[in-house]
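Only one structure is covered here, and it is reproduced in the block below.
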Amino acid sequence: MTHPPSEPTAAAPSQVLTFVIGDATYGVDIPCVQEIRGWSAVTRLPQAPADVLGVLNLRGTIVPILDLRLRFGSTNVQYTPVTVIVVVSVMSAKGPREFGMVVDGVSDVIDISPQDVKPAPELGTSAGGSCVRGLVAVAGLMVVLLDINLLIGREFPATGAADDSIEAA
């Protein structure tokens with residue numbers, strides 16, 4: 001029995017959590033978002049990069065906290081009542097790991113159709129655009145869609161023995 005050719009189906013829209021850093025709006029795929037928390041102080045770690053603020057203990061898991069504002073070059077960062085930590089699951093060489101991203105505020109969850117996503121312009125290797133998976137216009141705003149695994153996961157590809165002992169504690 002032969003079947004008629006199937007109709008091409010449009011890719012399903014994906015949901016994206018949008019957040020702001022300064023005047024810019026960014027988005028990450030909602031399936032990687034684990035939690036949104038208000039700002040709380042972190043335990044600082046010696047010799048950590050400037051954008052790694054420290055760690056939080058979230059229900060028994062030690063979660064590194066990165067300030068995306070510092071990572072993206074902001075110089076005047078403040079921790080206010082609207083500052084939030086977006087906890088995301090990132091794929092590393094050892095599997096999924098949680099990280100917290102400090103942002104100025106969370107905006108909304110939006111539906112994005114794949115055909116609406118435009119490629120990021122080539123800005124050269126020094127611009128760090130490799131974590132940008134595309135751009136989309138939503139309600140008059142340009143949303144920069146981030147690939148969270150490239151933004152964070154590559155930098156923390158595997159954990160060492162020190163991390164294993166922290167997680168086991």
Side-chain angles (χ1 to χ4, degrees), residues 14-110 112 120 123 125-135 141-169:
S14 61
Q15 289 193 312
V16 171
L17 174 73
T18 59
F19 55 88
V20 293
I21 296 176
D23 294 332
T25 302
Y26 297 90
V28 295
D29 289 329
I30 202 76
C32 73
V33 176
Q34 302 299 306
E35 179 178 346
I36 300 168
R37 314 173 38 93
W39 168 251
S40 58
V42 300
T43 302
R44 294 214 176 263
L45 298 175
Q47 300 179 348
D51 62 333
V52 179
L53 300 180
V55 295
L56 280 178
N57 183 347
L58 297 178
R59 293 173 299 286
T61 301
I62 303 300
V63 178
I65 306 298
L66 304 121
D67 194 324
L68 281 192
R69 303 168 307 171
L70 294 172
R71 177 160 292 193
F72 290 171
S74 297
T75 54
N76 184 22
V77 298
Q78 297 179 3
Y79 301 94
T80 69
V82 296
T83 303
V84 295
I85 299 172
V86 179
V87 179
V88 294
S89 180
V90 174
M91 213 31 132
S92 74
K94 287 185 76 175
R97 292 186 62 197
E98 289 185 345
F99 286 85
M101 307 181 309
V102 178
V103 300
D104 288 328
V106 170
S107 301
D108 205 355
V109 174
I110 58 174
I112 303 282
L123 300 174
T125 57
S126 65
S130 64
C131 66
V132 175
R133 69 174 183 90
L135 302 162
L141 290 173
M142 183 64 64
V143 178
V144 179
L145 301 175
L146 300 174
D147 183 324
I148 206 67
N149 291 313
L150 293 177
L151 178 65
I152 298 173
R154 263 199 313 208
E155 195 166 324
F156 299 91
T159 57
D163 285 334
D164 290 339
S165 65
I166 289 174
E167 292 182 72

CG on Asp29 to CG on Leu17, rounded to 0.5 Å: 10.0 Å
Would a 4.5 Å heavy-atom cut-off, applied to side chains only, mark Ile152 and Met101 as touching? yes
Could you grab the distance from atom SG of Cys32 to atom CG of Leu146, nearest 0.5 Å is fine? 9.5 Å
Applying side-chain contact (heavy atoms from CB on, under 4.5 Å) to Val103 and Val20, what does each step give before you reach the verdict? CA-CA 6 Å; Val103 300; Val20 293; over 6 Å; no
Counting N and O atoms only, with roles assigned by atom type, does the side chain of Arg37 sit under 3.5 Å from a partner on the main chain of Gly100, one being a donor and the other an acceptor? no
Assess whether a salt bridge exists between Arg59 and Glu98, defined as any Lys/Arg side-chain N lying under 4.0 Å from an Asp/Glu carboxylate O. no
Beyond-backbone contact of Thr83 with Arg69, side-chain heavy atoms, under 4.5 angstrom: yes
Heavy-atom nearest pair, Val16 first then Gly27, reads CG1-CA, 3.5 Å
With no hydrogens and no angle check, is any side-chain donor or acceptor of Arg97 less than 3.5 Å from a backbone partner on Ser89? no
Is Tyr79 close to Val102 at the side-chain level, that is, under 4.5 Å between some pair of heavy atoms? yes
Taking side chain as C-beta onward, heavy atoms only, is Val82 less than 4.5 Å from Asp104? no
Heavy-atom donor-acceptor pair, Thr25 side chain to Val143 backbone, under 3.5 Å: no
Indicate the atoms forming the closest heavy-atom contact of Val132 with Ala120, along with that distance. CG1-CB, 3.5 Å
Report yes if the side chains of Leu66 and Leu53 come closer than 4.5 Å at any heavy-atom pair, otherwise no. no
CG on Asp67 to CZ on Phe72, rounded to 0.5 Å: 10.5 Å
Heavy atoms only: give me the nearest Val28-Val33 pair and the separation to one decimal. CG2-CG2, 3.8 Å
Would you give the length of the straight line joining atom CD1 of Ile110 to atom CD of Gln15, rounded to the nearest 0.5 angstrom? 10.0 Å
Rounded distance (nearest 0.5 Å) linking atom CG of Leu68 with atom CD1 of Ile85: 11.5 Å
Below 4.5 Å, heavy atoms only, C-beta onward: do Trp39 and Val42 meet side chain to side chain? yes
Which distance, rounded to the nearest 0.5 Å, do you find between the OG1 of Thr43 and the CG of Asn57? 8.5 Å
Taking Arg133 first and then Asp147, would you say they form a salt bridge - that is, a charged N and a carboxylate O separated by under 4.0 Å? no
